[in-house]
Amino acid sequence: TGEAIKNNINYAKLGFGTTQIRLVGDLLPGYCYWLTNAAGKKMKAPNLAFNPDTETWIPGAIDPVKELGFTEKNEKGETVPMKSKRDYNINIINRASGKAEVLALSKTMFDAIVAYCRDTGTTDPTKLELFIDKTGNAAQWNSIRYNLNVVKTMTTNADQAKVAEYQKEDEAIIADIKPIREIFKRPTVEELRASIAAFLGATEQNQAAQGAPADSSAQEALNDLD
């Protein structure tokens, strides 16, 4: 219709320092590419060769990003075909905002949570109160790091009964949260091709109409997790 498309995903934007969160619902695993257009905006494009339900690669699957010949620089400065990176999305309750938000877990953060659960014998990570440390220079996105604060996480969750009582208040918030697979519906090959084409052709003025985050806080949240 030519009208702007609003992106209603409420991305978590963790502030510098320590943020307390709670994971909610299922985890959506995947691999994604980070694309950049002429307007300097970023877009996450899923690698359709990866099946998030079975967590396996699909033989012979069409990958629109690879098909279009995107490249990147490797650690040696050489131009090589762009590689997709591990990508995990999950709903959370952000204790700083008191709201349900979507968090894109980096590989480092995902592995740290898995290791914590393994070491503490935790079978359901959604019952935990997690503490995430954000460090780095706000002016340099590639210096930003997210780490699990193990001491605060372990200390707070030591009293499981107290945490369970505290989390009862989350029931109203959880009831309104859409499943993560409804939030991030898997596109078809043609849909992804069209989305990429629209994104690459976008300008600063019409960026919001091309499916990228429509508000600056969402864009900043995605940039942080690049």
Side-chain angles (χ1 to χ4, degrees), residues 6-30 32 44 46 52-55 86-136 138 144-186 213-225:
K6 296 293 185 179
N7 187 317
N8 294 319
I9 299 174
N10 187 21
Y11 288 97
K13 183 177 179 297
L14 308 184
F16 284 96
T18 304
T19 303
Q20 182 177 347
I21 68 170
R22 179 189 176 188
L23 305 179
V24 181
D26 293 333
L27 180 76
L28 179 59
C32 78
K44 285 174 68 174
D53 296 323
T54 61
E55 296 189 48
R86 282 168 61 181
D87 181 53
Y88 301 92
N89 290 285
I90 192 168
N91 286 305
I92 68 166
I93 296 177
N94 185 344
R95 299 302 183 195
S97 65
K99 298 178 180 179
E101 300 171 349
V102 172
L103 179 64
L105 288 171
S106 65
K107 174 183 179 296
T108 301
M109 182 54 56
F110 175 81
D111 289 345
I113 294 173
V114 170
Y116 179 89
C117 291
R118 181 181 61 242
D119 295 343
T120 59
T122 302
T123 57
D124 185 357
T126 67
K127 302 298 183 184
L128 295 172
E129 292 294 313
L130 300 173
F131 292 81
I132 310 300
D133 289 337
K134 178 181 177 181
T135 59
I144 295 174
R145 297 290 181 270
Y146 294 87
N147 296 290
L148 179 66
N149 189 316
V150 176
V151 174
K152 286 188 176 181
T153 297
M154 186 172 292
T155 301
T156 298
N157 291 284
D159 190 339
Q160 297 181 5
K162 183 177 180 181
V163 170
E165 185 65 27
Y166 171 66
Q167 291 181 346
K168 281 185 178 181
E169 299 179 6
D170 295 338
E171 293 177 2
I173 299 175
I174 293 174
D176 293 332
I177 295 177
K178 290 183 178 179
I180 197 68
R181 279 172 170 75
E182 287 187 20
I183 296 174
F184 294 100
K185 293 183 178 179
R186 185 177 175 85
D215 61 274
S216 59
S217 63
Q219 183 63 56
E220 186 176 350
L222 289 181
N223 287 346
D224 280 354
L225 293 166

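- Residues in residues 149-162 take part in no salt bridge (charged side-chain N to carboxylate O under 4.0 Å, His left out) pair, two or more places apart or across chains.
- If you check the side chains of Asn149 and Asn147, you find no donor sitting under 3.5 Å from an acceptor.
- For the pair Thr122 (side chain) and Pro125 (backbone), a donor-acceptor distance under 3.5 Å is absent.
- Residues satisfying the side-chain contact (heavy atoms from CB on, under 4.5 Å) criterion with Glu55, sequence neighbours excluded, are Pro29, Phe50.
- With sequence neighbours left out, the side-chain hydrogen bond (donor to acceptor under 3.5 Å, both in side chains) criterion links Asp53 to Arg181.
- By the ring-ring contact (aromatic ring centres under 6.0 Å, His included) test, Tyr116 pairs with no residue at all, sequence neighbours left out.
- Shown here are the side-chain hydrogen bond (donor to acceptor under 3.5 Å, both in side chains) partners of Asp111, two or more places apart in sequence or in another chain: Arg86, Lys107.
- Residues satisfying the side-chain contact (heavy atoms from CB on, under 4.5 Å) test with Asp170, not counting sequence neighbours, are Arg22, Ile93, Arg95, Gln167, Ile174.
- Among residues two or more places apart in sequence or in another chain, the side-chain contact (heavy atoms from CB on, under 4.5 Å) test is passed with Glu165 by Lys168.
- Closest approach of Thr153 to Phe131, counting heavy atoms only: OG1-N, 3.2 Å.
- Judged by distance alone, the side chains of Asn157 and Glu129 never bring a donor and an acceptor atom under 3.5 Å apart.
- For Ala100, the side-chain contact (heavy atoms from CB on, under 4.5 Å) partners at least two apart in sequence or on another chain are Ile173, Ile177.
- Taking Lys185 as the reference, nothing meets the salt bridge (Lys or Arg N to Asp or Glu O under 4.0 Å) condition, with sequence neighbours excluded.
- Legend: ring pair (Phe, Tyr, Trp, His ring centres under 6.0 Å) pairs involving residues 148-176, not counting sequence neighbours: none detected.
- Every residue was checked against the side-chain hydrogen bond (donor to acceptor under 3.5 Å, both in side chains) condition with Thr135, not counting sequence neighbours, and none meets it.
- Take Phe184 and apply the ring-ring contact (aromatic ring centres under 6.0 Å, His included) test, not counting sequence neighbours, and it matches no residue.
- Pairing each heavy atom of Leu23 with each of Ile92, the nearest pair is CD2-CG2, 3.9 Å.
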